[in-house]
Number of protein chains: 2
Amino acid sequence: MGTALNALKMLEYFSNSQPEIGLSQLSRLSGANKATTLRHLRALEEFGLIEQNPMSKSYMIGPAALRLAALREIAKPGLEGARSQMRSAMQVVGESLHLSLLEKDTLKTALVVETTQHSVRVSLDPTEIIPINATASGLCMLSFGPTFLFERLGSDPLTRYTDQTLTDPDTIRERVKLVGRAGWANSNGSYEDGVYGFASPIFGIDQIAIGTIAIAVPESRATSERLPAILSSLHTLTHELTANFGGQIPETFPTEFHPRQAVDSIPGEPRNERFQLSEGK
Amino acid sequence: MGTALNALKMLEYFSNSQPEIGLSQLSRLSGANKATTLRHLRALEEFGLIEQNPMSKSYMIGPAALRLAALREIAKPGLEGARSQMRSAMQVVGESLHLSLLEKDTLKTALVVETTQHSVRVSLDPTEIIPINATASGLCMLSFGPTFLFERLGSDPLTRYTDQTLTDPDTIRERVKLVGRAGWANSNGSYEDGVYGFASPIFGIDQIAIGTIAIAVPESRATSERLPAILSSLHTLTHELTANFGGQIPETFPTEFHPRQAVDSIPGEPRNERFQLSEGK
DNA sequence: AGTGCGTGGTTCATTTATTGAACCGTGTTA
DNA sequence: TAACACGGTTCAATAAATGAACCACGCACT
């Protein structure tokens, strides 16, 4: 059941590393018979979603993809799509959300959705540049974003915002490693006192983060029982937003987010009803 | 025959003016049964090429389009695709081809493919800005491009390049009208003496020209018997390149190019073995 | 309240297109 | 020269797509 879908699935096997695929190879990859593979390719080709290299006889994604993408942008401009996804996530977790995108070499706020459920909320300036050393989003970007961000860490002095702010490049590198394993990052008052941040990456087509999605929780609501809900929202947002922007999640990316994999805690603070984030390390 | 293709054809009905379509309406548009329409949409939705607005229940192009477009750019970057299409056209007509794209408000050379079949050929400087009043490409752009180009015609003085160059805005407007009906434009030595130019538009997603494709013929080979071949090459190039850049041909665009619809001739020159371009007017 | 119409979506017997093993011709490699 | 992998084709068997009728819902107009 679902011939059309099976045909479309042929498109899944094209990737950055393998933009052209031959008939037999695609037949092997998809597990379908060579004849059916060919039929599917022909159908896709007629529509323009597949193009055959007349020399090598191998197949690649066709120009119709561009037309559809342009139409998509009309139907749902990138940020509009992101906004509605963030809104529905906001309904679930009841906290403010914050989408930032990497522009050149700085992480900039692209979209803010504030919670409508609480009067005490984290309000963020939408014009702000996100400091890479002081926020969960920044750690995420260092871990999943372009390597140059990580490499030149510490070449410029890191600004201190609160007494929790990380300013030592080496400790930041350590945390970034943990973020890479966990898939998400958190920060506790390292940018603004009383604000707990949780962030996960949004990937581009090349499986490198193009931005982050973050949930900001005021200290008063930062109880550990709410953490699983936050993380699961974050996880689905990473997938939805990556899809929304036309990106691709790396295969190595965690399939779920574990509360115990937090990278930041409040040193010296006794375990209490607040997030106990680093006990599992 | 071709279920997958029928499913994909559902995507054809989405447009700038109609980015969201409901089930019944799409069923009517496509002529397919409502049940099959729904099945197709479901298949496309599962792949991500269709997304349903949960509120209005109507459908729109999905985020997978963006992913595919990004893959397409990897497999065949826009200009690379254009180059190979121009090469094969060059093999057919045996003349130099010239792709220009509108950048801001000037028409710039993007790609030049010179003929390999003749030693006498038209060579074009690839860094050149194409004067809109003196070339076939310019006339095409005025006719099919953004309206502001046409509207502010004559607000700046028009440069004269040869004694054939058009510098009077009113006569240019007259020619542009003809080009709009014909679908293609020609120029005879209005930019450089001895060069016959033939151009047709390349359309963007909004059915407005984003550039032009031109064939440049040296006077020595400008015989009228070669005109049909040139025009048919131009016509297929308009379609291929428009597809290559993800654009869409307007419904009103001519389905073929007629030699008699030429807009430019050599005033005063007797009819001879050269192109007799305006005799049909 | 009721009536009619348009909507999105479902059902199931009928029809029709999809499927895949085997096959062909060609080019490459050993 | 022989074996192999490639792209592509054939055709009987089969499994999937199809569409008329139908349902439930919402809305506008009497």
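By convention in this document, chain letters (A, B, ...) are assigned in the order of the sequence lines, proteins followed by strands, and residues within each chain are numbered from 1.
In this structure Phe203(A) satisfies the ring-ring contact (aromatic ring centres under 6.0 Å, His included) test together with Phe144(A), Phe253(A), sequence neighbours excluded.
Computed from coordinates, the Glu20(B) CD to dT7(C) P distance equals 15 Å when rounded to whole Å. The distance between atom CG of Leu38(A) and atom P of dA17(C), rounded to the nearest whole Å, is 18 Å. The CZ-C1' distance, from Arg39(A) to dT19(C), rounds to 8 Å in whole Å. Atom-to-atom, CG of Leu5(B) to C1' of dT18(C) comes out at 14 Å; the value is rounded to the nearest Å. Spacing between atom NE2 of His40(A) and atom P of dA16(D) amounts to 12 Å, rounded to whole angstrom units. Leu26(A) places its CG atom 12 Å from the P atom of dG8(D), with the value rounded to the nearest Å. In this entry the distance linking CG of Leu23(B) with P of dC22(D) reads 19 Å, nearest Å. We find that CD of Gln25(A) is positioned 8 Å from P of dC6(D), with the value rounded to whole Å.
The side chain of Thr3(A) places no N or O atom within less than 4.0 Å of a non-bridging phosphate oxygen (OP1 or OP2) of dT18(C). Contact check, Arg42(A) against dT9(D): a side-chain N or O comes under 4.0 Å of OP1 or OP2.
Without hydrogens or angle criteria, Thr242(A) side chain to Thr238(A) main chain gives a donor-acceptor distance under 3.5 Å. Under the 3.5 Å distance criterion, the side-chain polar atoms of Arg226(B) are matched with a main-chain donor or acceptor of Val93(B).
The shortest distance between side-chain heavy atoms of Leu79(A) and Leu99(A) falls below 4.5 Å. Residues Leu23(A) and Leu41(A) form a side-chain contact, since some pair of their non-hydrogen atoms from C-beta on lies under 4.5 Å apart. Side-chain contact between Met90(B) and Glu114(B): absent, with no pair of heavy atoms (C-beta onward) separated by less than 4.5 Å.
Side chain of Thr36(B), nearest nucleotide from dA16(D), dT18(D), dG7(D): dT18(D).
Under 3.5 Å, the side chains of Thr109(A) and His98(A) contain a donor-acceptor pair of N or O atoms. No side-chain N or O of Thr115(B) forms a donor-acceptor pair with one of Ser96(B) less than 3.5 Å apart.
Within a heavy-atom distance below 4.0 Å of DNA chain D, no residue of residues 47-56 of chain B is found. Residues of residues 57-65 of chain B having a heavy atom closer than 4.0 Å to DNA chain C, listed by number: Lys57(B), Tyr59(B).
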Enumerate the protein-to-nucleotides 21-26 of chain C contacts in which both atoms are nitrogen or oxygen and the separation is below 3.5 Å.
residue : atom : partner  : partner atom : Å
dA21(C) : N7   : Asn33(A) : ND2          : 3.4

Determine all donor-acceptor pairs shorter than 3.5 Å in which one atom belongs to a side chain in residues 48-57 of chain A; sequence neighbours excluded.
residue  : atom : partner  : partner atom : Å
Glu51(A) : OE1  : Arg72(B) : NH1          : 2.8
Glu51(A) : OE1  : Lys76(B) : NZ           : 3.1
Gln52(A) : NE2  : Lys57(A) : O            : 2.9
Gln52(A) : NE2  : Tyr59(A) : OH           : 3.2
Asn53(A) : OD1  : Met55(A) : N            : 2.9
Asn53(A) : OD1  : Ser56(A) : N            : 3.4
Asn53(A) : ND2  : Ser56(A) : OG           : 3.3
Ser56(A) : OG   : Glu20(A) : OE1          : 3.4
Ser56(A) : OG   : Ser58(A) : N            : 3.4
Ser56(A) : OG   : Ser58(A) : OG           : 2.8

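Comparing the local axis fitted to the first five base pairs of the helix from dA1(C)-dT30(D) to dA30(C)-dT1(D) with the one fitted to its last five gives a bend of 40°, rounded to 10°.
Using a cut-off of 4.0 Å between Lys/Arg side-chain N and Asp/Glu carboxylate O, Arg67(A) and Glu12(B) are scored as salt-bridged.
The shortest non-hydrogen separation linking Gly81(B) to Asn244(B) is CA-OD1, 3.6 Å. Closest approach of Ser137(B) and Ala214(B) over heavy atoms only: OG-CB, 3.4 Å. The two residues Ser233(B) and Ala89(B) make their nearest non-hydrogen contact at OG-O, 4.4 Å.
Atom CD of Glu46(A) sits in a sparse spot, with 12 or fewer heavy atoms from other residues, nucleotides or ligands closer than 6.0 Å.
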